[in-house]
Number of protein chains: 2
Amino acid sequence: MKFKAQKESVNYLFTQVCKLRRNQSNLLLSASGLHAGQDVLLYYLDMHDGQTITALAEKMQVQYATISNMIDRMEAAGLLNKKKDEVDKRTSRVFLTGEGRQCVGKINDAWRILEAKTLEGFTSDEKIALTGLLSRILLNLKSQSV
Amino acid sequence: MKFKAQKESVNYLFTQVCKLRRNQSNLLLSASGLHAGQDVLLYYLDMHDGQTITALAEKMQVQYATISNMIDRMEAAGLLNKKKDEVDKRTSRVFLTGEGRQCVGKINDAWRILEAKTLEGFTSDEKIALTGLLSRILLNLKSQSV
DNA sequence: GTAACTTAATTAGGCGGCTAATTAAATTAT
DNA sequence: ATAATTTAATTAGCCGCCTAATTAAGTTAC
(Lines give C-alpha, C1' and ligand atoms only; values in the text may rest on other atoms or scores of the structure.)
Protein backbone atom coordinates (compact mmCIF):
# COMPACT_ATOMS: atom_id res chain seq x y z
CA MET A 1 0.00 0.00 0.00
CA LYS A 2 1.22 3.44 -0.86
CA PHE A 3 2.09 5.89 1.89
CA LYS A 4 0.26 3.94 4.54
CA ALA A 5 -0.46 5.98 7.64
CA GLN A 6 2.14 8.50 6.64
CA LYS A 7 1.00 10.95 9.27
CA GLU A 8 1.83 8.52 12.05
CA SER A 9 5.18 7.41 10.66
CA VAL A 10 8.33 8.16 12.58
CA ASN A 11 9.49 9.76 9.37
CA TYR A 12 6.73 12.31 9.44
CA LEU A 13 7.11 12.99 13.14
CA PHE A 14 10.84 13.61 12.80
CA THR A 15 10.35 15.87 9.82
CA GLN A 16 7.90 18.00 11.77
CA VAL A 17 9.95 18.02 14.94
CA CYS A 18 13.09 18.98 13.02
CA LYS A 19 11.35 21.87 11.33
CA LEU A 20 9.76 23.18 14.51
CA ARG A 21 13.03 22.85 16.39
CA ARG A 22 14.83 24.83 13.73
CA ASN A 23 12.20 27.57 13.80
CA GLN A 24 12.20 27.76 17.58
CA SER A 25 15.95 27.79 17.59
CA ASN A 26 16.07 30.65 15.11
CA LEU A 27 13.53 32.54 17.18
CA LEU A 28 15.49 32.11 20.40
CA LEU A 29 18.81 32.99 18.80
CA SER A 30 17.56 35.95 16.80
CA ALA A 31 17.56 37.99 20.01
CA SER A 32 21.36 37.70 19.89
CA GLY A 33 21.49 38.28 16.15
CA LEU A 34 22.41 34.66 15.52
CA HIS A 35 21.09 32.07 13.09
CA ALA A 36 20.56 28.40 13.92
CA GLY A 37 23.83 26.63 13.31
CA GLN A 38 26.02 29.54 14.33
CA ASP A 39 25.34 28.74 17.97
CA VAL A 40 27.02 25.38 17.58
CA LEU A 41 30.12 26.95 16.09
CA LEU A 42 30.37 29.47 18.92
CA TYR A 43 29.87 26.66 21.40
CA TYR A 44 32.84 24.72 20.04
CA LEU A 45 34.98 27.84 19.94
CA ASP A 46 34.10 28.55 23.55
CA MET A 47 35.24 25.02 24.41
CA HIS A 48 38.51 25.54 22.58
CA ASP A 49 39.48 28.87 21.08
CA GLY A 50 41.76 29.13 18.07
CA GLN A 51 40.67 25.99 16.23
CA THR A 52 41.16 25.49 12.50
CA ILE A 53 38.34 25.29 9.98
CA THR A 54 39.05 21.59 9.54
CA ALA A 55 38.82 20.85 13.25
CA LEU A 56 35.58 22.78 13.57
CA ALA A 57 34.05 21.10 10.55
CA GLU A 58 34.87 17.67 11.95
CA LYS A 59 33.39 18.42 15.36
CA MET A 60 30.28 19.94 13.82
CA GLN A 61 29.96 17.13 11.29
CA VAL A 62 29.62 19.61 8.51
CA GLN A 63 31.44 20.30 5.24
CA TYR A 64 34.53 22.53 5.21
CA ALA A 65 32.87 24.84 2.73
CA THR A 66 29.93 25.32 5.07
CA ILE A 67 32.16 26.42 7.94
CA SER A 68 34.37 28.50 5.69
CA ASN A 69 31.46 30.61 4.49
CA MET A 70 29.87 30.71 7.90
CA ILE A 71 33.04 32.00 9.47
CA ASP A 72 33.36 34.78 6.93
CA ARG A 73 29.82 35.89 7.66
CA MET A 74 30.32 35.69 11.40
CA GLU A 75 33.60 37.55 11.15
CA ALA A 76 31.79 40.29 9.25
CA ALA A 77 29.22 40.29 12.05
CA GLY A 78 32.01 40.82 14.56
CA LEU A 79 31.56 37.53 16.39
CA LEU A 80 34.99 36.08 15.67
CA ASN A 81 38.34 36.62 13.98
CA LYS A 82 40.24 34.49 11.53
CA LYS A 83 44.05 34.56 11.65
CA LYS A 84 46.50 32.78 9.38
CA ASP A 85 48.61 30.26 11.24
CA GLU A 86 52.26 31.36 11.19
CA VAL A 87 53.64 27.83 11.11
CA ASP A 88 51.37 26.23 8.54
CA LYS A 89 50.25 28.97 6.22
CA ARG A 90 47.54 26.85 4.66
CA THR A 91 45.50 26.88 7.83
CA SER A 92 43.62 29.65 9.60
CA ARG A 93 42.74 29.73 13.26
CA VAL A 94 39.46 31.11 14.51
CA PHE A 95 39.11 33.14 17.71
CA LEU A 96 36.08 34.49 19.53
CA THR A 97 35.78 38.26 19.83
CA GLY A 98 34.42 39.88 22.97
CA GLU A 99 31.05 40.08 21.29
CA GLY A 100 31.21 36.44 20.31
CA ARG A 101 32.10 35.48 23.86
CA GLN A 102 29.12 37.42 25.15
CA CYS A 103 26.83 35.45 22.87
CA VAL A 104 27.88 32.18 24.43
CA GLY A 105 25.97 32.87 27.61
CA LYS A 106 22.85 33.69 25.66
CA ILE A 107 23.23 30.51 23.64
CA ASN A 108 23.37 28.52 26.82
CA ASP A 109 20.09 30.15 27.90
CA ALA A 110 18.50 29.50 24.51
CA TRP A 111 19.46 25.84 24.62
CA ARG A 112 18.10 25.46 28.11
CA ILE A 113 14.81 27.02 27.08
CA LEU A 114 14.48 24.84 24.00
CA GLU A 115 15.33 21.70 25.94
CA ALA A 116 12.78 22.59 28.61
CA LYS A 117 10.08 23.31 26.04
CA THR A 118 10.83 20.11 24.17
CA LEU A 119 10.56 17.99 27.30
CA GLU A 120 7.70 19.78 28.99
CA GLY A 121 5.65 17.33 31.00
CA PHE A 122 8.17 14.50 30.68
CA THR A 123 9.10 12.41 33.71
CA SER A 124 12.73 11.52 34.40
CA ASP A 125 12.10 8.01 33.18
CA GLU A 126 10.61 9.29 29.96
CA LYS A 127 13.58 11.56 29.40
CA ILE A 128 15.91 8.63 29.90
CA ALA A 129 13.86 6.48 27.55
CA LEU A 130 13.87 9.20 24.90
CA THR A 131 17.61 9.74 25.17
CA GLY A 132 18.18 6.02 24.79
CA LEU A 133 15.95 5.73 21.74
CA LEU A 134 17.48 8.79 20.06
CA SER A 135 20.98 7.51 20.73
CA ARG A 136 20.16 4.24 19.05
CA ILE A 137 18.62 6.05 16.09
CA LEU A 138 21.77 8.11 15.81
CA LEU A 139 23.83 4.94 15.62
CA ASN A 140 21.44 3.43 13.08
CA LEU A 141 21.66 6.47 10.84
CA LYS A 142 25.43 6.65 11.14
CA SER A 143 25.85 3.02 10.09
CA GLN A 144 26.76 2.31 6.51
CA SER A 145 23.99 -0.19 5.82
CA VAL A 146 21.84 0.54 2.77
CA MET B 1 26.89 25.30 35.10
CA LYS B 2 27.54 26.13 31.49
CA PHE B 3 26.71 23.61 28.78
CA LYS B 4 26.52 20.71 31.21
CA ALA B 5 26.64 17.36 29.52
CA GLN B 6 25.77 18.94 26.20
CA LYS B 7 26.61 15.77 24.31
CA GLU B 8 23.93 13.85 26.16
CA SER B 9 21.25 16.52 25.89
CA VAL B 10 18.13 15.85 23.89
CA ASN B 11 19.00 19.04 22.09
CA TYR B 12 22.25 17.63 20.81
CA LEU B 13 20.74 14.29 19.89
CA PHE B 14 17.96 15.92 17.90
CA THR B 15 20.38 18.21 16.10
CA GLN B 16 22.47 15.24 15.04
CA VAL B 17 19.52 13.08 14.10
CA CYS B 18 18.00 15.89 12.06
CA LYS B 19 21.19 16.47 10.13
CA LEU B 20 21.77 12.80 9.43
CA ARG B 21 18.17 12.32 8.38
CA ARG B 22 18.42 15.20 5.95
CA ASN B 23 21.63 13.83 4.48
CA GLN B 24 20.22 10.31 4.16
CA SER B 25 17.09 11.69 2.65
CA ASN B 26 19.01 13.67 0.07
CA LEU B 27 21.05 10.60 -0.74
CA LEU B 28 17.99 8.40 -1.23
CA LEU B 29 16.14 11.01 -3.28
CA SER B 30 19.08 12.02 -5.45
CA ALA B 31 18.57 8.82 -7.43
CA SER B 32 15.31 10.36 -8.66
CA GLY B 33 16.88 13.77 -9.13
CA LEU B 34 15.00 15.15 -6.12
CA HIS B 35 16.08 17.18 -3.15
CA ALA B 36 14.86 16.70 0.41
CA GLY B 37 11.67 18.69 0.80
CA GLN B 38 10.52 18.20 -2.77
CA ASP B 39 9.37 14.71 -1.89
CA VAL B 40 6.85 16.10 0.55
CA LEU B 41 5.43 18.45 -2.05
CA LEU B 42 5.04 15.62 -4.57
CA TYR B 43 3.43 13.50 -1.87
CA TYR B 44 0.76 16.10 -1.21
CA LEU B 45 0.16 16.61 -4.90
CA ASP B 46 -0.25 12.88 -5.34
CA MET B 47 -2.86 12.94 -2.58
CA HIS B 48 -4.71 15.77 -4.27
CA ASP B 49 -3.68 17.12 -7.65
CA GLY B 50 -4.34 20.70 -8.65
CA GLN B 51 -3.88 22.37 -5.27
CA THR B 52 -3.02 26.04 -4.87
CA ILE B 53 0.28 27.32 -3.48
CA THR B 54 -1.52 28.44 -0.34
CA ALA B 55 -3.06 25.03 0.29
CA LEU B 56 0.26 23.29 -0.23
CA ALA B 57 2.11 25.70 2.03
CA GLU B 58 -0.40 25.15 4.80
CA LYS B 59 -0.21 21.37 4.55
CA MET B 60 3.57 21.43 4.42
CA GLN B 61 3.76 23.99 7.23
CA VAL B 62 6.07 26.13 5.19
CA GLN B 63 6.07 29.72 3.98
CA TYR B 64 4.33 30.61 0.71
CA ALA B 65 7.57 32.02 -0.67
CA THR B 66 9.31 28.72 -0.05
CA ILE B 67 6.72 26.78 -2.03
CA SER B 68 6.52 29.40 -4.72
CA ASN B 69 10.23 29.16 -5.49
CA MET B 70 10.25 25.41 -5.10
CA ILE B 71 7.43 25.00 -7.57
CA ASP B 72 9.20 27.12 -10.16
CA ARG B 73 12.30 24.98 -9.84
CA MET B 74 10.34 21.76 -9.99
CA GLU B 75 8.38 23.01 -12.97
CA ALA B 76 11.67 23.74 -14.72
CA ALA B 77 12.73 20.20 -13.82
CA GLY B 78 9.58 18.86 -15.49
CA LEU B 79 8.01 17.42 -12.35
CA LEU B 80 4.88 19.55 -12.33
CA ASN B 81 2.93 22.30 -14.05
CA LYS B 82 1.49 25.51 -12.74
CA LYS B 83 -1.71 26.82 -14.30
CA LYS B 84 -3.56 30.03 -13.54
CA ASP B 85 -7.01 29.41 -12.08
CA GLU B 86 -9.69 30.67 -14.49
CA VAL B 87 -12.13 31.66 -11.77
CA ASP B 88 -9.81 33.36 -9.29
CA LYS B 89 -6.97 34.79 -11.29
CA ARG B 90 -4.84 35.46 -8.24
CA THR B 91 -4.33 31.77 -7.63
CA SER B 92 -2.41 29.13 -9.52
CA ARG B 93 -3.05 25.43 -9.39
CA VAL B 94 -0.28 22.88 -9.45
CA PHE B 95 -0.47 19.57 -11.31
CA LEU B 96 1.86 16.59 -11.45
CA THR B 97 3.40 15.75 -14.80
CA GLY B 98 3.92 12.16 -15.88
CA GLU B 99 7.49 12.41 -14.70
CA GLY B 100 6.39 13.82 -11.38
CA ARG B 101 3.91 11.00 -10.97
CA GLN B 102 6.63 8.46 -11.63
CA CYS B 103 8.70 9.95 -8.84
CA VAL B 104 5.98 9.31 -6.30
CA GLY B 105 6.62 5.59 -6.29
CA LYS B 106 10.32 6.12 -5.76
CA ILE B 107 9.59 8.51 -2.92
CA ASN B 108 7.50 5.86 -1.26
CA ASP B 109 10.45 3.47 -1.50
CA ALA B 110 12.87 6.05 -0.16
CA TRP B 111 10.65 6.78 2.82
CA ARG B 112 10.29 3.08 3.59
CA ILE B 113 14.05 2.62 3.48
CA LEU B 114 14.72 5.60 5.72
CA GLU B 115 12.07 4.52 8.19
CA ALA B 116 13.53 1.01 8.29
CA LYS B 117 17.06 2.27 8.78
CA THR B 118 15.97 4.68 11.49
CA LEU B 119 14.16 1.94 13.43
CA GLU B 120 16.60 -0.90 12.83
CA GLY B 121 16.60 -3.20 15.83
CA PHE B 122 13.55 -1.61 17.44
CA THR B 123 10.83 -3.80 18.92
CA SER B 124 7.16 -2.99 18.30
CA ASP B 125 6.87 -1.67 21.82
CA GLU B 126 9.85 0.58 21.34
CA LYS B 127 8.41 1.92 18.12
CA ILE B 128 5.17 2.69 19.88
CA ALA B 129 7.02 4.35 22.75
CA LEU B 130 9.05 6.45 20.33
CA THR B 131 5.99 7.51 18.37
CA GLY B 132 4.29 8.54 21.58
CA LEU B 133 7.23 10.55 22.82
CA LEU B 134 7.74 12.29 19.48
CA SER B 135 4.06 13.14 19.26
CA ARG B 136 4.18 14.78 22.65
CA ILE B 137 7.32 16.70 21.70
CA LEU B 138 5.53 17.88 18.59
CA LEU B 139 2.69 19.21 20.72
CA ASN B 140 5.13 20.85 23.12
CA LEU B 141 6.96 22.61 20.32
CA LYS B 142 3.73 23.73 18.68
CA SER B 143 2.42 25.28 21.89
CA GLN B 144 2.79 29.01 22.31
CA SER B 145 4.51 28.95 25.69
CA VAL B 146 7.83 30.82 25.61
C1' DG C 1 65.97 20.06 -6.66
C1' DT C 2 62.10 19.30 -9.23
C1' DA C 3 57.83 16.69 -9.95
C1' DA C 4 53.87 14.42 -7.91
C1' DC C 5 50.82 14.11 -4.28
C1' DT C 6 48.29 15.45 -0.20
C1' DT C 7 46.09 18.74 2.76
C1' DA C 8 43.58 23.24 4.04
C1' DA C 9 40.62 26.53 2.47
C1' DT C 10 38.04 29.04 -0.73
C1' DT C 11 34.91 29.88 -4.59
C1' DA C 12 30.95 29.01 -7.44
C1' DG C 13 26.55 27.40 -7.74
C1' DG C 14 22.39 24.97 -6.11
C1' DC C 15 18.54 23.79 -2.69
C1' DG C 16 15.24 24.24 1.19
C1' DG C 17 13.82 27.55 4.39
C1' DC C 18 12.84 32.22 6.25
C1' DT C 19 11.45 37.40 6.42
C1' DA C 20 10.08 41.67 4.32
C1' DA C 21 8.38 44.15 0.59
C1' DT C 22 5.73 44.27 -3.58
C1' DT C 23 2.28 43.25 -7.23
C1' DA C 24 -2.15 41.91 -8.73
C1' DA C 25 -6.74 40.40 -8.12
C1' DA C 26 -10.89 39.96 -5.38
C1' DT C 27 -13.89 41.59 -1.67
C1' DT C 28 -15.97 44.75 1.40
C1' DA C 29 -17.51 49.14 2.85
C1' DT C 30 -19.06 53.62 2.19
C1' DA D 1 -19.09 53.23 -8.30
C1' DT D 2 -15.06 54.24 -5.98
C1' DA D 3 -11.97 53.61 -2.09
C1' DA D 4 -10.04 50.65 1.38
C1' DT D 5 -8.89 46.20 2.75
C1' DT D 6 -7.82 41.47 2.36
C1' DT D 7 -5.90 37.58 -0.09
C1' DA D 8 -2.59 34.99 -3.40
C1' DA D 9 1.73 34.93 -5.22
C1' DT D 10 6.07 36.63 -6.38
C1' DT D 11 10.54 38.87 -5.78
C1' DA D 12 14.70 40.09 -3.38
C1' DG D 13 17.86 38.95 -0.15
C1' DC D 14 19.69 36.20 3.71
C1' DC D 15 21.24 31.67 6.05
C1' DG D 16 22.76 26.89 6.72
C1' DC D 17 24.02 23.11 4.16
C1' DC D 18 25.78 20.42 0.19
C1' DT D 19 28.79 19.13 -3.99
C1' DA D 20 32.34 20.07 -7.34
C1' DA D 21 36.16 22.59 -8.82
C1' DT D 22 40.05 25.42 -7.75
C1' DT D 23 43.95 27.66 -5.34
C1' DA D 24 47.75 27.64 -2.31
C1' DA D 25 50.94 25.59 0.73
C1' DG D 26 53.21 21.58 2.64
C1' DT D 27 55.20 16.73 1.89
C1' DT D 28 57.07 13.04 -0.30
C1' DA D 29 59.43 10.66 -3.91
C1' DC D 30 62.76 10.21 -7.29
Side-chain angles (χ1 to χ4, degrees), chain A residues 15-16 18-44 50-58 60-77 79 82-94, chain B residues 15-16 18-44 50-58 60-77 79 82-94:
Chain A
T15 304
Q16 294 300 311
C18 289
K19 191 168 339 198
L20 283 170
R21 281 180 50 79
R22 181 168 198 83
N23 289 349
Q24 297 270 346
S25 197
N26 267 317
L27 199 64
L28 286 166
L29 293 171
S30 65
S32 318
L34 296 175
H35 299 266
Q38 299 184 336
D39 51 342
V40 181
L41 202 158
L42 291 181
Y43 164 75
Y44 279 114
Q51 294 187 70
T52 63
I53 274 82
T54 302
L56 288 166
E58 280 165 5
M60 292 176 66
Q61 300 263 52
V62 143
Q63 294 301 306
Y64 306 133
T66 299
I67 300 293
S68 182
N69 288 323
M70 215 163 142
I71 282 173
D72 288 350
R73 274 189 291 266
M74 290 171 77
E75 185 168 35
L79 296 164
K82 194 169 59 172
K83 286 175 199 146
K84 271 256 177 296
D85 187 302
E86 279 307 309
V87 180
D88 186 340
K89 284 175 186 164
R90 288 171 305 180
T91 76
S92 288
R93 298 193 168 274
V94 185
Chain B
T15 304
Q16 294 299 311
C18 290
K19 191 168 338 198
L20 283 170
R21 281 179 52 80
R22 182 167 197 85
N23 290 349
Q24 298 270 345
S25 196
N26 268 317
L27 199 66
L28 285 166
L29 293 171
S30 65
S32 317
L34 296 175
H35 299 264
Q38 299 185 336
D39 52 342
V40 181
L41 202 158
L42 291 180
Y43 163 76
Y44 280 113
Q51 295 187 69
T52 62
I53 273 82
T54 301
L56 288 166
E58 279 164 5
M60 292 176 68
Q61 301 263 53
V62 144
Q63 294 302 306
Y64 305 133
T66 299
I67 300 292
S68 182
N69 288 323
M70 215 165 144
I71 282 172
D72 289 348
R73 274 189 293 266
M74 290 172 77
E75 186 169 36
L79 296 164
K82 194 169 60 173
K83 286 175 198 144
K84 270 256 177 297
D85 188 302
E86 279 306 311
V87 180
D88 185 340
K89 284 175 187 164
R90 290 171 304 179
T91 77
S92 288
R93 297 193 169 273
V94 185

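Below, chain A is the first sequence line, B the second, and so on; all start at residue 1.
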Tell me whether Lys82(B) at atom NZ has more than 12 heavy atoms from other residues, nucleotides or ligands lying less than 6.0 Å away. yes

What is the distance, to the nearest angstrom, from the CG atom on Asp72(B) to the C1' atom on dA8(D)? 14 Å

Rounding to a whole Å, what distance do you find between Lys89(B):NZ and dT27(C):P? 13 Å

Report the distance from atom OH of Tyr64(B) to atom C1' of dT6(D), rounded to the nearest whole Å. 12 Å

Quick check: does any side chain N or O of Gln38(B) sit under 3.5 Å from a backbone N or O of Met74(B), one acting as donor and the other as acceptor? no

Phosphate oxygens OP1/OP2 of dG16(C): is one of them under 4.0 Å from a side-chain N or O of Gln38(B)? yes

Selected nucleotide, minimal atom distance to Asn69(A) side chain, candidates dG16(C), dA9(D), dT11(C): dT11(C)

Which one of Asp88(A), Thr52(A), Asp85(A) satisfies the side chain to side chain donor-acceptor pair (under 3.5 Å) criterion with Arg93(A)? Asp85(A)

I need the CG-P distance between Leu79(B) and dC15(C), as an integer number of Å. 12 Å

Determine, stepwise, if the pair Val62(B) / Val40(B) fulfils side-chain contact (heavy atoms from CB on, under 4.5 Å). CA-CA 11 Å; Val62(B) 144; Val40(B) 181; over 6 Å; no

Can you tell me the distance, in whole Å, between the CZ atom of Arg21(A) and the C1' atom of dG17(C)? 17 Å

Would you indicate what Asn26(A) reaches in the nucleic acid, counting non-hydrogen atoms under 4.0 angstrom: base, sugar-phosphate, or nothing? nothing

Quickly work out the Asp85(A) CG to dT7(C) P distance and round it to whole Å. 17 Å

Asp39(A) side chain vs Gly37(A) backbone, donor-acceptor pair below 3.5 Å: yes

If you check every side-chain atom of Thr66(B), which of dT11(D), dC18(D), dG17(C) has the closest atom? dG17(C)

Nearest-Å distance, CD1 (Ile67(A)) to C1' (dC15(D))? 13 Å

Hey, does the side chain of Arg90(B) come within less than 4.0 Å of dT6(D)'s phosphate (OP1/OP2), counting only N and O? no

What integer distance in Å separates Leu41(A):CG from dG16(D):P? 9 Å

NA contact type, Lys82(A), heavy-atom cut-off 4.0 Å: base, sugar-phosphate, or nothing? sugar-phosphate

Establish, with yes or no, whether the OP1 or OP2 oxygen of dA9(D) is under 4.0 angstrom from a side-chain nitrogen or oxygen of Thr54(B). yes

Is there a side-chain polar atom (N or O) of Ser68(A) under 4.0 Å from OP1 or OP2 of dA9(C)? no

Among dG16(D), dG16(C), dA26(C), the one nearest Arg22(A) by side-chain distance: dG16(D)

Counting heavy atoms from C-beta on, name the nucleotide in dG16(D), dG16(C), dA9(D) closest to the side chain of Ile53(B). dA9(D)

Using a heavy-atom cut-off of 4.0 Å across all strands, would you classify Ala36(A) as base, sugar-phosphate, or nothing? sugar-phosphate

Select from Val87(B) and Gly37(B) the residue whose nearest nucleotide in DNA chain C is closer to the 5' end of that strand. Gly37(B)

